[in-house]
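Since the structure comes first, as structure tokens, the remarks are kept for the end.
Every value quoted in this text rests on a predicted model; they were computed, and no experiment measured them.
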Amino acid sequence: MKALVYKGPGLKAYEDHAKPELRDPTDAIVKITRTTICGTDLHILKGDVATCTPGRILGHEGVGVIESVGTAVTAFKPGDRVLISCVSACGKCEYCRKSMFSHCTTGGWILGNTIDGTQAEYVRTPHADTSLYPIPEGADEEALVMLSDILPTGFECGVLNGKVEPGSTVAIVGSGPIGLAALLTAQFYSPAEIIMVDLDDNRLEVARRFGATATVNSTDGTAFEQIMAMTGNRGVDTAIEAVGVPATFELCEQIIAPGGVIANVGVHGKPVALHLEALWDRNIAITTRLVDTSSTPMLLKIVDAKKIDPTLLITHRFRFDQMIEAYDTFGNAAETGALKVIIEA
């Protein structure tokens with residue numbers, strides 16, 4: 001089969017690779033019909049994720065059709081159309097019992113990280129019964145690709161961890177796919193204001209269409225002053241960091257109101273300064289999280305009911321044999337205007 005393989009920092013190739021085989025009784029082999037690229041894949045290519053070693057097939061999002069299942073799989077059979085969760089969960093270990101599936105002792109975020117992932121014609125998915133979801137009849141597969149990772153990530157790591165409430169003021173720093181997913185799902189809780197921050201006016205325009213009440217272009221370094229002016233010099237109740245670089249996290253530290261919550265979503269590859277000299281008396285909380293995908297069943301119902309439309313995030317479409325072009329487009333979003341790309345078999 002063909003697959004996108006990580007070759008080391010800054011290096012990747014779309015090349016021939018051995019087709020996966022069932023290894024454990026709980027495995028399934030899925031023929032991928034649609035996948036996508038995540039910002040985390042770009043972090044891997046920068047060398048930010050030490051657990052992902054050269055030779056790994058990247059990707060942890062997608063939908064497909066089951067080709068074969070292990071002897072212990074009871075919820076699925078060959079021919080079933082499925083959504084692949086970015087997090088694999090055994091459902092039995094101590095962390096899974098706490099719904100912390102991202103820390104499953106034999107799973108978690110392993111696809112495209114410590115085992116081969118979904119940017120390939122076929123993928124082996126461990127713990128199939130508890131890591132795959134049946135695709136409802138008539139569902140839009142492109143929309144469901146967004147439920148593999150970015151919608152539950154934005155919702156769980158940003159909105160839930162950030163304790164967004166009715167009438168609250170929220171700032172989302174970073175208007176990329178994850179930040180926009182947080183914007184879409186934050187509106188479940190009717191905050192009074194959602195301020196989106198980014199360097200890219202095109203992404204900020206998208207954010208306004210998606211429901212942002214205000215936008216701030218941070219290019220000139222005045223984002224702090226602008227946000228404080230918007231909030232009567234109080235700051236925001238929830239600051240969601242959705243980039244993963246020191247400057248954006250430190251902006252969240254500056255704009256958080258007393259009693260507020262900073263919810264980190266971004267993948268950080270460098271140390272970040274924690275300014276306790278300014279925050280020690282502010283009654284704030286700082287949360288971190290790797291998505292657990294515990295919200296996926298709920299989000300499937302929300303999407304099926306057409307309460308939100310994840311396809312709004314899709315800007316470009318490619319075939320599998322255009323995988324490198326898809327990476328170039330996604331990785332140069334400032335020039336291409338890319339949000340999420342769909343790569344179709």
### Query
Under 3.5 Å, side chain of Thr71 to main-chain N/O of Pro25, donor-acceptor pair present?
no

#### Entry: Distance in Å, Asp41 CG paired with Asn113 CG, rounded so as to fall on 0.5 Å steps
10.0 Å

### Query
So, Lys2 and Asp16, do they make that salt bridge, N to O below 4.0 Å?
yes

### Asp24 side-chain N/O to Thr26 backbone N/O, donor-acceptor pair under 3.5 Å
no

### Task
Verify the cluster assignment for Val341 and Leu58: are they in a single hydrophobic cluster under the rule of side-chain heavy atoms below 4.5 Å apart?
yes

### Query
Any donor-acceptor pair under 3.5 Å linking the side chain of Asp27 with the backbone of Arg23?
yes

### Query
So does Asp292 pair up with Arg289, basic N to acidic O under 4.0 Å?
yes

### Task
From the options Val30, Thr125, Asp129, select the one residue that forms a side chain to side chain contact (heavy atoms under 4.5 Å, CB included) with Phe76.
Asp129

## Note on the structure
What one should report as the nearest heavy-atom pair of Thr213 and Ile195 is OG1-N, 4.5 Å

### Query
Hey, mind stepping through His316 and Ile314 against side chain to side chain contact (heavy atoms under 4.5 Å, CB included) and telling me if it holds?
CA-CA 6 Å; His316 295 75; Ile314 300 167; over 6 Å; no

### Task
Might you point out which heavy atoms bring Val303 and Ala143 nearest each other, and give the distance in Å?
CG1-CB, 4.4 Å

### Query
Taking the side chain as C-beta and beyond, is there a heavy-atom pair between Ile29 and Val123 under 4.5 Å?
no

### Query
Is the charged tip of Lys12 near the ring of Tyr6: under 6.0 Å from the six-membered ring centre and within 45° of its axis?
no

### Task
For residues Pro177 and Arg203, determine if any side-chain heavy atom of one lies less than 4.5 Å from a side-chain heavy atom of the other.
yes

### Query
Is a side-chain donor or acceptor of Asp237 paired with a backbone partner of Thr169 at a separation under 3.5 angstrom?
yes

#### Entry: Any Leu144 side-chain heavy atom under 4.5 Å of Glu141 side chain
no

### Query
Would a line drawn from the ring center of Phe155 to the ring center of Phe188 be shorter than 6.0 Å?
yes

### Message
Counting only heavy atoms from other residues, nucleotides and ligands, does the tally under 6.0 Å from NZ of Lys31 exceed 12?
### Response
yes

### Query
Same cluster for Met146 and Ile135 if Ile/Leu/Val/Met/Phe/Trp/Tyr side chains link at under 4.5 Å?
yes

### Query
Is a side-chain donor or acceptor of Gln187 paired with a backbone partner of Phe210 at a separation under 3.5 angstrom?
yes

### Query
Measuring from Thr185:OG1 to Met298:CE, what's the distance to the nearest 0.5 Å?
8.0 Å

### Message
Can you confirm whether the side chains of Asp149 and His60 place a donor and an acceptor under 3.5 Å from each other?
### Response
yes

Could you pull out every donor-acceptor pair under 3.5 Å between side chains of residues 82-97 and any protein atom, sequence neighbours left out?
| unit_1 | atom_1 | unit_2 | atom_2 | d |
| --- | --- | --- | --- | --- |
| Ser85 | OG | Val87 | N | 3.2 |
| Ser85 | OG | Val87 | O | 3.1 |
| Ser85 | OG | Thr293 | OG1 | 3.3 |

#### Entry: Note, Tyr327 side chain near Gln119 side chain (heavy atom, < 4.5 Å)
yes

### Query
Are Leu339 and Phe330 close enough that some pair of their side-chain heavy atoms sits under 4.5 Å apart?
no

### NZ/NE/NH1/NH2 to OD/OE distance under 4.0 Å, Asp80 and Lys77
yes

#### Entry: Test item: Leu313 and Ile150 side chains (from C-beta on) under 4.5 Å apart, heavy atoms
yes

#### Entry: Lys19 side chain reached by Glu67 side chain, heavy atoms, under 4.5 Å
yes

### Query
Would you say the side-chain atoms of Glu250 pair up with the backbone N or O of Ala247, donor to acceptor, closer than 3.5 Å?
no

#### Entry: Glu61/Arg34 ion pair, N-O < 4.0 Å
no

### Query
Quick one: CE on Met228 to CD on Gln254, what's the gap to the nearest 0.5 Å?
9.5 Å

### Query
Going only through I, L, V, M, F, W and Y residues with side-chain contacts under 4.5 Å, is there a path from Leu132 to Ile110?
yes

#### Entry: Interatomic distance, Asn264 atom CG to Asn161 atom CG [nearest 0.5 angstrom]
9.5 Å

### Query
Do the side chains of Val243 and Glu241 get nearer than 4.5 Å, heavy atoms only?
yes

### Task
Identify the residue among Leu151, Leu312, Asp198, Val206 that makes a side chain to side chain contact (heavy atoms under 4.5 Å, CB included) with Leu180.
Val206

### Message
Whether the side chain of Asn332 engages the backbone of Thr329 through a donor-acceptor N/O pair (distance < 3.5 Å, no angle test) should be reported.
### Response
no

### Salt-bridge present (Lys46, Asp48; N to O < 4.0 Å)
no

### Non-hydrogen atoms of Cys38 and Lys340 that approach each other most closely
CA-NZ, 4.0 Å

### Message
Which heavy atom of Leu251 sits nearest to which heavy atom of Ala223, and what is that distance?
### Response
CD2-CB, 3.9 Å

### Query
From Glu253 CD over to Leu279 CG, what is the distance, rounded to the nearest 0.5 angstrom?
5.5 Å

### Query
Has the side chain of Glu156 got a donor or acceptor atom that lies under 3.5 Å from a matching backbone atom of Ser294?
yes

#### Entry: Check: Ser148 side chain, Gly62 main-chain N or O, donor-acceptor pair, under 3.5 Å
yes

### Task
Tell me whether Tyr189 is reachable from Val265 by hopping between hydrophobic residues (I, L, V, M, F, W, Y) whose side-chain heavy atoms are closer than 4.5 Å.
yes

## Note on the structure
To the nearest 0.5 Å, atom CG of Asp220 lies from atom CG of Leu199 at 10.0 Å

### Query
Quick check: does any side chain N or O of Arg56 sit under 3.5 Å from a backbone N or O of Thr114, one acting as donor and the other as acceptor?
yes

### Task
Just do the side chain to side chain contact (heavy atoms under 4.5 Å, CB included) check on Ser175 and Val197 with the steps written out, would you?
CA-CA 6 Å; Ser175 295; Val197 184; over 6 Å; no

### Message
Looking at every heavy atom in both Ala207 and Met196, which two are closest together, and how far apart are they?
### Response
CB-CG, 3.6 Å

### Query
Can you list every pair that meets ring-ring contact (aromatic ring centres under 6.0 Å, His included) and has a residue in residues 273-300, with sequence neighbours left out?
none

### Query
Going hydrophobic residue to hydrophobic residue with side-chain gaps under 4.5 angstrom, can you get from Ile262 over to Ile227?
yes

